[in-house]
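Worksheet for the structure shown next.
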Amino acid sequence: MAGTFGLVYLVFNTIGNLTTQDDQVACFVNAARHLEPGGTFVVEVGVPELRRLPPGESVRPFAVSPTRLGFDEYDVATQGLISHHFTVEGGRLRTKSMPFRYVWPAELDLMARLAGLRLRHRYEDWQRTPFTSESRQHVSVWEKPEASSRPGPVVSPRS
């Protein structure tokens, strides 16, 4: 899409549909390219639930009811996740599995920096609940600096 906008957004874990880090970084770069100065890029995404996995396990249930089962299967080595969904509809079992790449808030911040964006806000939800180490999701808002206040180099030499 051509043009510039004041707001670009990805909601409901959409960033995870990009299953490689390179594709996720390219998404940030593309969003930044289409933002006008002072514009914002908003991402809503879950926080990986790795702390809730028992030691040695790779599967975590997220939905268990008489008509629906859902399990996330984590591959910690690749930050991969396959979300498995099982539903009963009209007496028939339907199954669906979808690959994702989970990403940490700090990694998203780095992707934003690489794209020339800076973090403005991070909340737990759309009601602006403060984000904490116990939050299971976040809504993060990065902004494209005004042209006169572009950030300097991301990497500085060590002494």
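Using modelled atom types, no side-chain atom of Q79 and backbone atom of R101 make a donor-acceptor pair closer than 3.5 Å. Put simply, the side chain of E44 gets close to the backbone of F12: a donor and an acceptor are under 3.5 Å apart. Checking side-chain atoms of Q137 against main-chain N and O of E124 turns up a donor-acceptor pair under 3.5 Å.
Residues I82 and V59 are members of separate hydrophobic clusters, defined by side-chain heavy-atom contacts under 4.5 angstrom among Ile, Leu, Val, Met, Phe, Trp and Tyr. The hydrophobic cluster containing V29 also contains M111, counting ILVMFWY residues as joined when their side-chain heavy atoms lie under 4.5 angstrom apart, directly or transitively. V43 and Y123 fall into different hydrophobic clusters, where Ile, Leu, Val, Met, Phe, Trp and Tyr are joined by side-chain heavy atoms under 4.5 Å apart, directly or via other members. The cluster map of Ile, Leu, Val, Met, Phe, Trp and Tyr, joined by side-chain heavy atoms under 4.5 Å apart, puts I15 and V25 in the same cluster. In terms of hydrophobic clustering, with Ile, Leu, Val, Met, Phe, Trp and Tyr side chains grouped at heavy-atom distances under 4.5 Å, V139 and V8 are assigned to different clusters.
Ring geometry for F28 versus W142: interplanar angle over 60°, hence perpendicular rather than tilted (30 to 60°).
Residues satisfying the side chain to side chain contact (heavy atoms under 4.5 Å, CB included) test with Y9, not counting sequence neighbours, are L7, V11, V42. By the salt bridge (Lys or Arg N to Asp or Glu O under 4.0 Å) test, R33 pairs with no residue at all, sequence neighbours left out.
Closest of all the heavy-atom pairs between G3 and H34 is O-ND1, 3.0 Å. For the residue pair A32 and A115, the shortest heavy atom distance occurs at CB-O, 3.3 Å. Residue T132 comes nearest to S135 through the heavy atom pair N-OG, 2.9 Å, listed as atom of the first residue, atom of the second, then distance. Residues V64 and P61 share a closest heavy-atom pair of CG2-CB, 4.1 Å. Heavy-atom minimum distance, L10 versus T14: CD2-CG2, 3.9 Å. Nearest heavy atom pair, residue G38 against residue E146, reads CA-OE2, 3.5 Å.
Between R52 and E57, none of the side-chain N atoms (NZ, or NE/NH1/NH2) sits under 4.0 Å from a carboxylate O, so this pair counts as no salt bridge.
For the atom pair H84 NE2 and F71 CZ, the distance stands at 9.5 Å (nearest 0.5 Å). One finds the CD atom of E73 at 10.5 Å from the OG atom of S83 (value rounded to the nearest 0.5 Å). Between the CZ atom in F86 and the CZ atom in R94 there is a gap of 14.0 Å [rounded to 0.5 Å]. Rounding to the nearest 0.5 Å gives a distance of 10.0 Å between CG of N30 and CG of L35.
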Given side chain to side chain contact (heavy atoms under 4.5 Å, CB included), test D72 with E49 step by step and report yes or no.
-> CA-CA 9 Å; D72 283 337; E49 302 233 15; over 6 Å; no
Apply side chain to side chain contact (heavy atoms under 4.5 Å, CB included) to H138 and L108, showing your working.
-> CA-CA 11 Å; H138 61 95; L108 291 170; 3.6 Å; yes
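Using a 4.5 Å cut-off on side-chain heavy atoms (C-beta onward), L117 and K144 make contact. Here the side chains of R51 and E134 are in contact, with some heavy-atom distance below 4.5 Å.
With hydrogens and angles left out, the side-chain atoms of E107 and Q24 include no donor and acceptor closer than 3.5 Å. Between the side chains of T87 and R68, not a single donor N or O lies within less than 3.5 Å of an accepting N or O.
In the hydrophobic clustering (ILVMFWY side chains linked at under 4.5 Å, chained through shared members), W104 is joined by V47, L50, L53, Y74, V76, L81, M98, F100, Y102, F131.
Separation of the F62 and H85 ring centroids falls under the 6.0 Å cut-off.
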